[in-house]
Amino acid sequence: MINETPRVRFAPSPTGYLHVGGLRTALYNYLFARRNKGKFILRIEDTDRKRFVEGAVENLITSLKWCGLEFDEGPDSGGELGPYLQSQRLHIYDHHVQELIKSGHAYYCFCTSERLNALREEQQRQKLPQAKYDKHCLHLSKDEIENNLASGIEKVIRLNVESNMKIIFDDIIRGRVEFDSNNIDDQILIKSDGYPTYHLANVVDDHLMKITHVIRGEEWLSSTPKHVLLYDFFNWEKPQFAHLPLLLNPDRSKLSKRQGDVAVEDYRAKGYLKEALVNFVALLGWNAGDDKEFYYLDELIEKFSLERVNKSGAVFDLEKLNWLNAEHLRKKSDEEILQLLKEEVRQSSFADIQYSDEYLLKVISSMKERVSFVHEYLSKSPYFFKEPNEYEQAAVAKSWKPETPDQLKKLCETFAQLDNPTKEDFEHAFIKTVDELNIGKGKLIHPLRLAVSGLSTGPGMFDILFILGKDEVIRRINKAIDTLKN
RNA sequence: GGCCCCAUCGUCUAAUGGUUAGGACAUCGCCCUUUCACGGCGGUAAUAUGGGUUCGAAUCCCGUUGGGGUCACCA
C-alpha cells in the first residue's frame with residue numbers, strides 16, 4: 001500500500017452527456033493521478049439497461065477529451081484490467097457474488113414486487129423510521145431455494161447485512177464517518193435481469209482494477225457503508241475514500257438541469273473556452289491556499305491535493321465563469337484567437353464573405369479588451385463584418401443634429417484627399433476639419449462613430465476608420481447621411 | 001420522517017487558538033478617456049445561534065437552528 005502507484009477512476013453512467021459535476025469529479029481524479037504519478041482510468045457504469053442511451057459513451061469521451069482530460073485506461077484506450085464497460089463484465093460479478101452466497105453474506109430473494117410494495121406500505125403505515133427488507137427469503141430452506149431456482153421464477157441476490165454493527169471508515173475529506181448497520185437495508189446486488197447494481201459492480205471492479213483511491217461525489221457517502229461491508233465480506237483491502245462536496249444550483253440544491261445548463265457540451269456550444277471551464281470547476285471546492293485564481297491545467301496538476309478540498313457544497317456561479325472566460329480569452333495570443341474567430345465566422349451569417357487574416361487580426365487587437373467570448377467579436381462589433389443598416393436610436397437622438405450631415409460631408413471631402421491613410425492620418429484630417437468648422441471634437445466624433453458603425457460604443461474611432469479603410473468609411477458616411485437626413 | 005454530511009461577505013474562498021477577519025467575482029463610487037471596455041484607486045458586505053473549554057475562539061467540544069445528500073431490481 002505504501003509505495004503503490006495510485007490508481008483512480010472516473011466511473012460515470014452513460015446518461016448521454018458529461019455533467020459539469022461529473023467534470024469536476026473527473027478533473028479531481030485526473031489531477032490527483034497526474035500529481036502523484038498515478039493512473040487515471042475511465043470505467044463506464046452501464047448496468048442499467050433501461051437507461052441505455054445510444055452514443056452516450058462516445059459523447060462522454062468526446063467531452064472529457066475536449067477538456068483535456070486524457071485517461072490512461074478506458075473503453076477506447078485499452079489497459080490490462082479491462083474490459084472497462086461493466087456490461088461486458090457480467091460473468092465476473094456473477095462469479096464473485098457466488099462466493100458471497102457460499103459464505104452466507106448474500107442470499108437469493110424471490111419476493112415479488114407486490115410483496116415488496118405491500119411490505120413498504122405496511123412499514124410506512126406503522127411509521128417505522130425507515131423501510132427495510134424483512135429478510136424473508138434469508139430464511140428459506142435449502143429445498144425451497146433449489147426448487148425456486150429450478151423453476152426459473154424471478155430472483156435477485158441481496159446483501160445480508162447483520163444487525164447491531166458499527167461500520168466505520170475514514171474519508172480523506174470528511175474524516176471518520178460512522179454508520180449503524182441497523183440502518184442499512186439488504187441491498188440488492190444482482191437484479192432480476194442478471195445485471196449487478198452499482199454497489200456490487202463498483203466494489204468488484206475497484207478491487208480488480210486495483211483502484212487505490214475512490215474519489216467521487218458526496219451523494220455516495222450514505223451508500224459507502226454497503227461498499228465497506230462488501231470489501232470486508234470479500235476480504236479485500238479497502239481503497240481510500242474521498243467524497244467531494246456537491247455542486248449546487250443558486251438555491252443551493254444539487255446542481256440540476258432544471259435550473260440551467262449542466263452539460264459540458266452546453267457550455268462548449270455557448271462559446272466557453274475549455275481552459276476557463278476547467279479552471280472554474282477546479283476552484284469549486286478546492287484552492288491552493290493562496291490568492292491565485294487563474295490556472296492552466298498543468299499548474300493545477302502541480303498544486304492539487306485532496307487535503308485542500310473543502311467539505312461544503314459550492315454554488316455554480318456563472319458570473320465568475322464568465323469572468324474567467326474573459327481572462328483566459330485575453331491571455332491568448334492574437335494568432336490563437338484568429339483561429340477561433342475564423343471558426344466562429346465560418347459558422348455565422350458572414351460565412352460567405354472573405355476576410356483576410358490581416359484584417360481579422362486588426363479587428364482582434366482593437367476588440368480584445370472588449371470581449372469575453374469569441375462570438376462577441378461578431379455580436380459586439382458587427383460593423384467590422386458588414387456595413388450598418390440601422391443606427392442606434394438613442395445615440396441618433398443624442399448626437400445627430402441638423403447641422404451634422406453638412407459637417408460630415410466636409411469631413412468626407414477631407415478624407416477623400418488622403419492617400420492610403422493610417423490611423424494618424426485619419427486623426428489629423430479629422431482635427432483639421434473640426435478646427436475649420438470651429439467646433440469641438442466631440443461634436444463630430446459621435447456622429448461619425450454612429451455613421452460608420454451604427455453603434456455608440458466600440459474601439460477608438462480612428463482605429464475603426466483605419467481598419468475599415470478610406471473608401472468604406474466614406475461610403476458609410478454617405479449612406480448614413482442618406483438614411484438619417486429626414 | 002430515519003440516517004449521514006455541511007455552516008466565514010450575495011457567490012467562490014483565505015485565515016488550522018492571538019489578523020483592523022484577507023482575496024476574487026458581482027455591486028457601488030472616483031480616476032483614466034472622444035464612446036465602450038481594459039486598467040488604477042476606493043466603498044458597501046461575512047464568522048447562523050446558545051452554551052462551554054481557554055488569558056484569548058471564525059478556529060476545539062456540546063446543544064439549537066438552517067441547508068444539503070440519501071433512504072430503488074438508477075447510478
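The figures that follow rest on heavy atoms only: side chains count, while hydrogens, waters and symmetry mates do not. All figures in this text were calculated on a predicted structure; none of them were measured in a lab. Letters A, B, ... mirror the listed sequences (proteins, then strands); counts begin at 1.
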Atom [atom1], compared across [N] and [M]: separation rounded to whole Å:
{"N": "B:G18", "M": "B:C12", "atom1": "P", "value": "25 Å"}
{"N": "B:U49", "M": "B:C31", "atom1": "C1'", "value": "44 Å"}
{"N": "B:U33", "M": "B:U27", "atom1": "P", "value": "24 Å"}
{"N": "B:A58", "M": "B:A7", "atom1": "P", "value": "16 Å"}
{"N": "B:U59", "M": "B:A15", "atom1": "C1'", "value": "9 Å"}
{"N": "B:A14", "M": "B:U8", "atom1": "P", "value": "10 Å"}
{"N": "B:A21", "M": "B:A45", "atom1": "P", "value": "14 Å"}
{"N": "B:A57", "M": "B:U20", "atom1": "P", "value": "14 Å"}

All ring-ring contact (aromatic ring centres under 6.0 Å, His included) counterparts of [X], not counting sequence neighbours:
{"X": "A:Phe316", "answer": "A:Tyr267, A:Phe280"}
{"X": "A:Phe10", "answer": "none"}
{"X": "A:His328", "answer": "A:Phe294, A:Tyr296"}

Could you check whether [X] gets within reach of a base, just the sugar-phosphate, or nothing at all, counting any heavy atom under 4.0 Å?
{"X": "A:Pro250", "value": "nothing"}
{"X": "A:Val177", "value": "sugar-phosphate"}
{"X": "A:Arg308", "value": "sugar-phosphate"}
{"X": "A:Ser456", "value": "base"}
{"X": "A:Arg252", "value": "sugar-phosphate"}
{"X": "A:Asn310", "value": "sugar-phosphate"}

Kindly write out the residues that satisfy side-chain contact (heavy atoms from CB on, under 4.5 Å) with [X], not counting sequence neighbours, or none if the list is empty.
{"X": "A:Ile474", "result": "A:Cys412, A:Phe415, A:Ala416, A:Lys470, A:Asn478"}
{"X": "A:Gln126", "result": "A:Glu122, A:Leu128"}
{"X": "A:Ile445", "result": "A:Phe430, A:Met461, A:Phe462"}

Quiz prompt | Candidates B:U13, B:C4, B:U35 - which lies nearest the side chain of A:Phe179 | solution = B:C4

Review item, nucleotides 38-43 of chain B N/O atoms under 3.5 Å of protein N/O:
from: B:C38; atom 1: O2'; to: A:Glu369; atom 2: OE1; distance (Å): 2.8

Practice problem: Would you name the heavy atoms of A:Ser181 and A:Val161 that are closest together and state the gap between them? | Solution: O-CG1, 3.8 Å

Self-check item: Taking every non-hydrogen atom, the tightest pair across A:Pro196 and A:Tyr93
Solution: CG-CD1, 3.4 Å

Quiz item: Can you give one letter per nucleotide of nucleotides 21-27 of chain B, going 5' to 3': B for a protein heavy atom under 4.0 Å from the base, S for sugar-phosphate only, - for none?
Solution: --BBSS-

Quiz item: Would you call A:Lys311-A:Glu218 a salt bridge at under 4.0 Å N-O?
Solution: no

Only pairs under 3.5 Å count here: list side-chain donor-acceptor contacts from residues 431-441 of chain A, not counting sequence neighbours, and write none if there are none.
from: A:Thr433; atom 1: OG1; to: A:Thr414; atom 2: OG1; distance (Å): 3.1
from: A:Thr433; atom 1: OG1; to: A:Ala429; atom 2: O; distance (Å): 2.8
from: A:Glu436; atom 1: OE1; to: A:Lys410; atom 2: NZ; distance (Å): 2.9

Atom pairs under 3.5 Å: protein N/O with N/O of nucleotides 71-75 of chain B:
from: B:C73; atom 1: O2; to: A:Ser192; atom 2: N; distance (Å): 2.7
from: B:C73; atom 1: O2; to: A:Ser192; atom 2: OG; distance (Å): 2.6
from: B:C73; atom 1: N3; to: A:Ser192; atom 2: OG; distance (Å): 3.0
from: B:C74; atom 1: OP1; to: A:Lys50; atom 2: NZ; distance (Å): 3.2
from: B:C74; atom 1: OP2; to: A:Lys191; atom 2: NZ; distance (Å): 3.1
from: B:C74; atom 1: O2'; to: A:Asp48; atom 2: OD2; distance (Å): 2.8
from: B:C74; atom 1: O2; to: A:Arg51; atom 2: NH1; distance (Å): 3.2
from: B:C74; atom 1: O2; to: A:Arg51; atom 2: NH2; distance (Å): 2.7
from: B:A75; atom 1: OP1; to: A:Thr47; atom 2: OG1; distance (Å): 2.9
from: B:A75; atom 1: OP1; to: A:Lys191; atom 2: NZ; distance (Å): 2.7
from: B:A75; atom 1: OP2; to: A:Tyr198; atom 2: N; distance (Å): 3.2
from: B:A75; atom 1: O3'; to: A:Glu45; atom 2: OE1; distance (Å): 3.3
from: B:A75; atom 1: O2'; to: A:Ser13; atom 2: OG; distance (Å): 2.9

Practice problem: Please list residues of residues 429-448 of chain A whose heavy atoms come under 4.0 Å from any atom in RNA chain B, ordered by number; otherwise none. | Solution: A:Ile445, A:His446

Exercise. Considering just the side-chain nitrogens and oxygens of A:Arg125, establish if one lies under 4.0 Å of OP1 or OP2 belonging to B:G1.
Key: no

Practice problem: State the pairing partner of B:C25; accept Watson-Crick or G-U wobble contacts with both distances under 3.5 Å, and report none otherwise. | Solution: B:G10

Quiz item: Considering Watson-Crick and G-U wobble pairs with both distances under 3.5 Å, what does B:C60 pair with?
Solution: B:G52

Self-check item: Ring-face cation contact, A:Tyr133 with A:Arg158, 6.0 Å cut, 45° max
Solution: yes

Exercise. Test the A:Lys362-A:Phe466 pair against the cation-pi criterion, namely NZ or CZ under 6.0 angstrom from the six-membered ring centroid and within 45° of the ring axis.
Key: yes

Quiz item: Between A:Ser312 and A:Met461, who's closer to the 5' end of RNA chain B by nearest nucleotide?
Solution: A:Ser312

Quiz item: Considering residues at least two apart in sequence or located in another chain, which fulfil the side chain to side chain donor-acceptor pair (under 3.5 Å) criterion with A:Arg330?
Solution: none

Practice problem: Find the distance A:Leu247:CG to B:C6:C1' and express it as a whole number of Å. | Solution: 15 Å

Self-check item: Aromatic centroids of A:Trp220 and A:Phe241 separated by under 6.0 Å
Solution: no

Self-check item: A:Tyr28 and A:Trp286 aromatic centres sub-6.0 Å
Solution: no

